[in-house]
Structure formats: structure tokens, C-alpha cells
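Here is how names work: the chains are called A, B, and so on, in the same order as the sequence lines, proteins then strands, and each is numbered from 1. Note: hydrogens, waters and symmetry copies are ignored here, and every other heavy atom, side chains too, is used.
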Protein chains: 2
Amino acid sequence: MNLKELSRALELSQTTVSRALNGYPEVNAETRQRVEEMAAKLGYAPNQQARRLATGRAMSIGHVVPRSLHEMMNPVFMEFIAGAGEAYSQHGYDMIISVVGDQDVEDAYREIASRKKVDAVMVHGPRIGDNRPALLAELGLPFLIHGRIPGLEKTTSWIDVNNGQAFERATNLLLDLGHRRIALLNGLEDMDFAARRRAGFEKAHADRDLPVDPKLLRAADMTEPYGADSALSMLRQKAPPTAFLVSSMITAIGVARAIGLCGLKIGRDISVITHDDALSFLPNSGEVPIFTCTRSSVRHAGSRAAHLLIEKILPDPTTLVSEYLESELIIGQSTGPHQAN
Amino acid sequence: MNLKELSRALELSQTTVSRALNGYPEVNAETRQRVEEMAAKLGYAPNQQARRLATGRAMSIGHVVPRSLHEMMNPVFMEFIAGAGEAYSQHGYDMIISVVGDQDVEDAYREIASRKKVDAVMVHGPRIGDNRPALLAELGLPFLIHGRIPGLEKTTSWIDVNNGQAFERATNLLLDLGHRRIALLNGLEDMDFAARRRAGFEKAHADRDLPVDPKLLRAADMTEPYGADSALSMLRQKAPPTAFLVSSMITAIGVARAIGLCGLKIGRDISVITHDDALSFLPNSGEVPIFTCTRSSVRHAGSRAAHLLIEKILPDPTTLVSEYLESELIIGQSTGPHQAN
DNA sequence: TTGAAAGCGTTACCAT
DNA sequence: ATGGTAACGCTTTCAA
């Protein structure tokens, strides 16, 4: 069923039918009604490819995912995608995901741009000194960054959690509880979010003139064994930490495992605060959440990001938008006062 | 840069240029060379939308993801997507992901079909009595199932792990170690894979004329708290299990947490075997893997699925393919002989 | 308020 | 081996 057939069935021109269906004002109300009914009856839907060619709009948003990003951000990324995907659907946009090797990111963007596959792209996992904004500007591809790139906050569009403040508050909570040896198990610090978290951690210490022990700082891919191995070795050193601040639930689970292996009790002997991206398969909720955490729904971030991209940036690609997302500090069972020994 | 401009620059017809670029045999070798060089020099790439319209092929594969599926399968799904995505790229296909409400799956497929958005779809999370194959057949959309649907094994194309056999082997390992009270923490059993795992578990018992205690069987979304809560309550009952067979690493981590909370040691006091989908952010490897597991890379599954879909099914949609994936039984630190008390 | 017809950028058929 | 031209199915400009 295509436009020609539909218009023949209605004994109208393709022009009128198209206009009726696309909400053009000059169409007679009852004509429009007739058209819509017939279209529904015959199950007509405009061919996407033809419409794309005619309008020059791809009606899709691209996500280029370098493999290394995916490796480490896998579950977080998926949750973001889920949020964004729903928003795209609501606006009639398709989501195109390209999984490419780390070396092929630039090629992928160039290809996407020259073939006009998408109207805009979402940029994931911004790093310090990230050159994607420059490339995308050159290619004329509108984009929105999930996160920020230092130095480009004013000249790019982004949506981000206030990571620095969240980790500063979490650190202060631990300091208020009397902890003085707090370990930070961070994500890789060439990622902007991780750098900001570390800065927040250090600021909380600096504000009280407290030192930070470099032996208590780690940064790596946020896996479960990373948490377990790091916590284990730190807890076994001569001056062990009494609290951990951790960048992801998965890593925190590893920390909890290590604490158990040492015969200690989380919340009583050792305090743990983790960032919680509110992943659906890792619920940290209920009456009392397992982990005290800084929580921010990455799924909601995806949804907001998609809306901003479609509603603000696409209509006028010169628009710059930036938005902060809420982050809560939630008290669970994994924190308690420092125990003097 | 479009075909018209390129052909003008070459002083050739669009026809010839198109043929040269698309590898048609009748083109003079040196002409082709000239064309290719010029195309590279000018950075020409055929407009995807125009090509799609002209060929009638969308050059994309669709993934319709119901929200509920995504909720529970999130990390597994993402890993599959990563594998499939790479394969699509290699073949020049785009991956379109539609995240929709559970009620809107059928509509989504109908829309996709009538707008000719994709050439084929991948079906995720097959359930018992799943009606998607019938719908897709009606819509004329070629498809491949990740998993199988009971009763449709012979009439649909699919790729699957031998879940039943994997869990039967795992159960036998535990039985060989002397365990007689083995708990099964399964995924939701209206999902085909979970039903097959349970069948394998029961078969291993039946083959030795051993009973299965219904109190030791659970089925739910495979979250971490599900594992922890289930294990906790089972370990506290009067006749506790001495071993757990678990459907996912995440749930197994919960089980490990519960075992620790009970003051027991995994592998010594309580044995655990889990299925391991080889998720990149949950590595279970190293010298000695933490968990004894049945392992099968879901990422590899995605890759194979994409290849089969593109190479076998798309060229001839009447083709039926089915493929079993390897699953290894890997001994880790979480299993040991039954301790007589 | 409606319609005819010209694109949109390819591919593919039919000539030459 | 190469070129002319008609699709592909829609949107949009120009006329009426």
C-alpha cells in the first residue's frame, strides 16, 4: 500500500492525500477525515526511505560506540540507550547504533555524515581532550554529549550529573562519621566523570585540611574483580582504610566481597558509599538500601538527552543546551561511624 | 558530493560510475580505477536514503526490545547487541533498535514492516508460546531467534546455547561431589532458556532416581538481591541446600553475599555453579575463576546470529537455519565436595 | 481547497 | 564497455 494506491482509492491526488496526512492546514476538514479513515482502513504508512529521500531528513539519531567504551560502560550505556530509545520512538525517530573498533570512530562518523544516515548523534563517554566535537562540527553533524568535556562546556551541548558535588557530599558524609582513611575506587580518570569525582573527593579533604593518601586512590575499569582485588590489598596493608568511596555498584559489590573475605562486616567495620546509576538489574532499593549511595538514574539521563537533542538542537543546530541532572545521597546499610580500635 | 557531480567530474555517465563503484563486471578495468580514485579523492559516498529507495533494501536490521525484556536481560542483551553490531558493520548494515512498551511490540513490528524500515529482525527473549514468529511471517519480515520456541524448532531459524545439557552437566558435577540438596535459582521460567535449564537440572536428578525438593527451586528476574534473598532464606531453613545452581553471574554474586552473611565459606561449606554469559564487565576469569560455571559468550552469539541472518536468511528468506553454540563447564573456586556434618 | 509535476539521488533496464 | 532514462515513493513548489 503506497501513496499512489491510496490516493487512487480516494479519488484524490497524491498531493492532497500527503497534505492531509501530514497535517497541512489548507486541507478541507472533511477531506482530511476521509483520507485518514481510508489510510487507517488500508493500513497505509508512508515508506520511510522515500520520505527520507524527499525531505532530506533521516529521522534517525546515531550512537557511535567504540568497543573500549562499551567494554567498560556496558550496563550503564545500555540503560542510557533504553531511556533515549523510548524518547526517540515518541518523536518518530529511529535509533541507529554503530559498534566500531576504537580506531574506527572517526571513519564511522565520516561515513555517517557523508551518507546522511542520521540527523544528529549522541556522544558517549567524553574524555579529557576529546576531539569528537571538533570532528562533528567539521562534518556538520549536530550532537549532544552525555557528560562534559573540560574546556568545551560553553561551546558544546551536554547533559551531565554533577559528579564533583555528589562525590564531595559523599566524602563529607564519611568524614562527618569520623573516617579519616577513605579509599577512592574510581573509574578510569581520563574519563571526565571520573576526574570530576576525584576532584570532589579531594576538595572535601582539602576543605578540612585533611591529607589524601595516594595509596588509597585507584582508577580502573569498573569491574567486580577490580573492587574485590583493590579492597583486599588495601585492607591488608599496614594502614588500611576504614571507608571506601566507589564509582559503581558493580565494583562496590566486589568491595563487599573483599570485606567479607577479611572477616569484616560492611557498615560496622568498614563503610562503603557507591555511586548508583539505578540500573534495573542491580536494584539497590527497598526499605533500607544495601549500599549508601549517590544515585542518579542514567536511564532518565538518556530520556532527557534524547528530548533535548530532538526538541532543541535539531530545530536549530546552533542552539547550545546544557543541563544538570539530579543526584541524591541515599543512606543505606553500608555506612556507619568510624570505630576506634 | 553526489553521483551526478562525481560523474560530471569524470566526464562519464552516472550509470557507468555507479556500476564501477558497485563492482559490476562489464566496466573497463582502467575506467573503474579512475572512478574509484576520483571517488576517494572527492570523498564520495552514495546517499544511503537514495540507495535504499532505489534498491528497495533498507540495509538495516531491526531489534524490537520490549521494556520488560530489557529490564531483566539488560546486560546480556547489550552484550549480544555489541556482537551483532560489529557483524552488521562488516556487512554494511545498520542496526536499528526500538525500545517499546510491552503492549506495543506488535504495533512496532507492523510499523517497521509497513514503512519498510528494515530487511529483517532479530527476535530476543523467546517465551513459551511466543506469537512473534506468526506475526512476522504474516508481515513478511525475515527473522532469526536468539533462543528457541518450543514447538517451532523445525519451522523457525534460531541460534541457541544447549541450556538443558549445560545445566544437566553442572548438576551432575554437583551430584558427583556428593551434594544431594541442590538449589536451583533460575530465570523466569516462561522464558524458554530457563525452562530448558530446569529440565536439565531435573533430568540429572531423575537419571539417578534422586528427588528434587520443590522448596529448593526458584524462578525470578535475575537480579543480585534475588540471589541474596533466596539463598539467605534457603540457608536458614531447617533442611538447607549444600549447593546452588544459578542462572546468572549477577544472581550468583548475590548468593555469594548471602553465604558470607551466614558466616559460611563458598566452595568449602556451600558449592555454587552459575551460568556465565561472559559479560565484559563481570569477568570470571584469571588463573582460577571465582565461580565454577557453565560459560557461553553471548557476544559471540550476537555475532554469529548477525552473520547467519545476513548471509543465509536475507539472500533467501525461505532458508531455515539453526545453530548450537558451545558451552563450557569451567571449574572455579566455588565448588567442592559435600561436607558431611 | 485541490492538482500537476518537478525534484530527492540512486539503481537497473534497455539501447547502442 | 558505455549511456539514456525510467523507476523507487514521497514531499513540495507552482498553478489553478
Positions of residues 37-53 of chain B (non-hydrogen atom under 4.0 Å from DNA chain C), listed by number: B:Tyr44, B:Pro46, B:Asn47, B:Ala50, B:Arg51

Pairs touching residues 133-149 of chain B that satisfy salt bridge (charged side-chain N to carboxylate O under 4.0 Å, His left out), sequence neighbours left out: B:Arg110-B:Glu138, B:Arg148-B:Asp160

Which residues share a ring pair (Phe, Tyr, Trp, His ring centres under 6.0 Å) with A:His300, sequence neighbours left out: none

Nucleotide of C:dT2, D:dT11, C:dT10 approaching A:Thr16 most closely (side-chain heavy atoms): C:dT2

Contacts of A:Glu311 that satisfy salt bridge (charged side-chain N to carboxylate O under 4.0 Å, His left out) - sequence neighbours left out: none

Salt bridge (charged side-chain N to carboxylate O under 4.0 Å, His left out) contacts in which one or both residues fall within residues 34-54 of chain A, not counting sequence neighbours: A:Arg52-A:Asp94

Atom pair distance, as rounded to whole Å: CG in A:Asn22 and P in D:dG9: 17 Å

Protein-nucleotides 12-16 of chain D N/O pairs under 3.5 Å:
| residue | atom | partner | partner atom | Å |
| --- | --- | --- | --- | --- |
| D:dT12 | OP2 | A:Tyr24 | OH | 2.3 |

Residue pairs passing the salt bridge (charged side-chain N to carboxylate O under 4.0 Å, His left out) test where at least one lies in residues 12-31 of chain A, sequence neighbours excluded: A:Arg19-A:Glu26

Partners meeting ring pair (Phe, Tyr, Trp, His ring centres under 6.0 Å) with A:His63 (sequence neighbours left out): A:Tyr88, A:His124

Whole-Å gap separating C1' (D:dC10) and NZ (B:Lys116): 13 Å

Protein-nucleotide distance (A:Lys117, atom NZ; C:dG9, atom P), rounded to Å: 18 Å

Listed partners of A:Tyr324 passing ring pair (Phe, Tyr, Trp, His ring centres under 6.0 Å), at least two apart: A:Trp158

All pairs passing salt bridge (charged side-chain N to carboxylate O under 4.0 Å, His left out) where residues 3-14 of chain B contributes a residue, at least two apart: none

Axis-to-axis angle between the two ends of the helix from C:dT1-D:dA16 to C:dT16-D:dA1 (five base pairs per end, rounded to 10 degrees): 40°

Length of the CE-P vector between B:Met1 and C:dT10, whole Å: 10 Å

Under the salt bridge (charged side-chain N to carboxylate O under 4.0 Å, His left out) test, residues paired with A:Glu323 that sit two or more places apart: A:Arg304

